[in-house]
Structures are given as structure tokens and as C-alpha cells.
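Hydrogens, waters and symmetry mates are skipped; everything else that's a heavy atom, side chains included, is used.
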Amino acid sequence: MEPRTSRRTTLLSRPAAGTLVAILAALVLAADQFSKHLALTNLPYQEPVEVWGQFLQFYLTRNPGAAFSFGEGVTWVFTIILAAAAVFIVVLAITRVRSRRWAIVLGLLLGGILGNLTDRLIRDPGFLVGHVVDFINTPWMWLGMNPAIYNVADMFIVTMMIGVALLVFIGLRLDGTRERGAVTAAADEPTGDAAGDTPEQDASGDATSRAHED
């Protein structure tokens, strides 16, 4: 008897998943570095340029630390963290990722990480301690607090970390499978009786089933 799967069974091969991650990461990295080049060549340093009132402004600055200029004296620590995160994602992409959703999220996240890591490696004041170029300011988001200035890489890092949290929440695994008890499994799949299949039995006699996801 064939194991039961959902109607959506298309998974990526490991080479295909790795290629997708690499392409998306390269696109985000290119967009980030190109936008920083435009900012450095066209914006005044630390002077606000209104694009759309308080909704969107450009404010070119350099950040030696993390968000809100935290850790300005230990820039090299953030370089190591970024490098470790990038290596971790690459290893996952090569060895474990089969899900299209995970490949997209991790590819975009990797591109954001590489964007800021590139700044740490090649920009002044030097290798490993380079300052990240930030230039996007959205004052309305901070509710009167001191606004954080960010860049394209930061946007992908934040949004894709949310994406990672969502994929974990719904129980989707890197290989494209998830347990029947995941949050949305009941909505996505018919019951065993409706499908006309019987779930496989494990060694202890308990019924188990995994559903493949894109």
C-alpha cells in the first residue's frame, strides 16, 4: 500500500533547491549593493531628504554596530555572526532543503545577510570592521521614538526572519514534509476515510502520516 501524501507533492531536488537559494541571494545582494552605491553617490551625508513627507525619507549614514547603533565598539563580532549565519544557510541549502517555500525564504534571507556582510568586509574603516551603509528612514514606523535608519538588506533580513517563524509555526520542514498535527494540515488535506487510504503504522502501532508541501 502506498503511503498517503497530499495533493501537492512537488518537491525540489537538492541541486534545484540550492540553485534557487543561490539565485535569490545573488539578486538581493546585487539590489542591496547597487542601492547603497546610488545612496553614496547621490545623497548628502546625514542630511534628511524627504521623498514622501514623514512616510519615507532618505538619510545617508554609516552604522558600525547593529540596529539602533548597538555594539558600536565591537563591529568585528557582528561580522562573525553574519558570516556564521551565511554559512549555516548555505549548509542547509546544500544538504537539507527540498521545500520551495523554504528555498525562497532562505535565499532572500541569505541575500540580506550577504549584503550587510559585504559592507563589513570591504567598506571603511577596514576589513571585518567596515561600517554598514544605511539610508532609508520611515519616521512613521517608530511612533515618536528615535527612528532606526536601515537599508535594503535589513528589509529582507527582517521580513524573511518573520517568514522563517511562520514556516516553523505551520510545521513545514526543510525537506517539504510536515506532521498531520500541524496548524494548517487539517485544512489542506482530506481525512484518511475521505481519501480512501490508510495511514502507515510505525513500529509502535501508532498511526503517522506526513504531507508533502511545495
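Side chain of R98 to backbone of L12: a donor-acceptor contact under 3.5 angstrom is found. Within the 3.5 Å criterion, the main-chain N or O of F55 finds a donor-acceptor partner in the side chain of W140. Formation of a donor-acceptor pair under 3.5 Å by the R120 side chain with backbone atoms of G130 is found in this model. Remark: the backbone N or O of M141 is not paired with any side-chain donor or acceptor of T138 at under 3.5 angstrom.
With a 4.5 Å cut-off on side-chain heavy atoms, S99 and L172 count as touching. Put simply, the side chain of I104 reaches to within 4.5 Å of the side chain of L20, judged on heavy atoms. Within the 4.5 Å cutoff, the side chain of V105 has no heavy atoms near those of the L166 side chain. Contact of the M160 side chain with the L24 side chain is not registered, since no non-hydrogen atoms from C-beta on lie closer than 4.5 Å. Looking only at side-chain heavy atoms (C-beta outward), S35 and N151 stay at 4.5 Å or farther from each other.
For the pair A85 and I113, the tightest heavy-atom approach, listed with the atom from each and the gap, is CB-CD1, 3.9 Å. The shortest non-hydrogen separation linking F156 to G112 is CB-CA, 4.4 Å. Annotation for I136 and V152: closest pair CD1-N, 4.1 Å, computed over non-hydrogen atoms. Closest approach of G171 to R178, counting heavy atoms only: O-CB, 2.7 Å. Of all heavy-atom pairs between I149 and Y59, the closest is CG2-O, 3.4 Å. In plain terms, the two heavy atoms of I94 and R14 that are nearest each other are O-CD, 3.7 Å.
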Steps toward side chain to side chain contact (heavy atoms under 4.5 Å, CB included) verdict (R62, V133):
CA-CA 5 Å; R62 295 176 182 269; V133 175; 4.0 Å; yes
Would L121 and F127 satisfy side chain to side chain contact (heavy atoms under 4.5 Å, CB included), going step by step from the backbone distance to the final call?
CA-CA 5 Å; L121 296 177; F127 182 69; 3.6 Å; yes
Pair D175-R96, side chain to side chain contact (heavy atoms under 4.5 Å, CB included): steps then yes or no
CA-CA 6 Å; D175 63 358; R96 296 187 59 186; over 6 Å; no
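No side-chain N or O of D119 forms a donor-acceptor pair with one of N63 less than 3.5 Å apart.
The CG atom of L82 lies 11.5 Å from the CG atom of L128; values are rounded to the nearest 0.5 Å. If you take CG on L106 and CG on L92, they are separated by 6.5 Å, rounding to the nearest 0.5 Å. Here the straight-line distance linking atom CG of N137 with atom CD of E50 works out to 10.0 Å at 0.5 Å rounding. Between the CE atom in M155 and the CG atom in D32 there is a gap of 8.5 Å [rounded to 0.5 Å]. To the nearest 0.5 Å, the span separating OG1 on T41 from CG on L38 amounts to 5.5 Å. Rounding to the nearest 0.5 Å gives a distance of 13.5 Å between CG of L167 and CZ of R173.
By the criterion of side-chain heavy atoms lying less than 4.5 angstrom apart, applied directly or through intervening Ile, Leu, Val, Met, Phe, Trp or Tyr residues, I162 is not grouped with W102; the two fall into different hydrophobic clusters. Tracing side-chain contacts under 4.5 Å through hydrophobic residues (I, L, V, M, F, W, Y), one reaches I170 starting from V164; they form part of the same cluster. Hydrophobic clustering (ILVMFWY, side-chain heavy atoms < 4.5 Å, transitive): F34 and V51 are in distinct clusters. In the hydrophobic clustering of ILVMFWY residues, with side-chain heavy atoms under 4.5 Å counting as a link, V90 and I23 come out apart. Linking Ile, Leu, Val, Met, Phe, Trp and Tyr residues whenever their side-chain heavy atoms come within less than 4.5 Å leaves L110 and L27 in two separate clusters.
For the side chain to side chain contact (heavy atoms under 4.5 Å, CB included) test, residues two or more places apart in sequence or in another chain that qualify with T118 are L29, Q33, I122.
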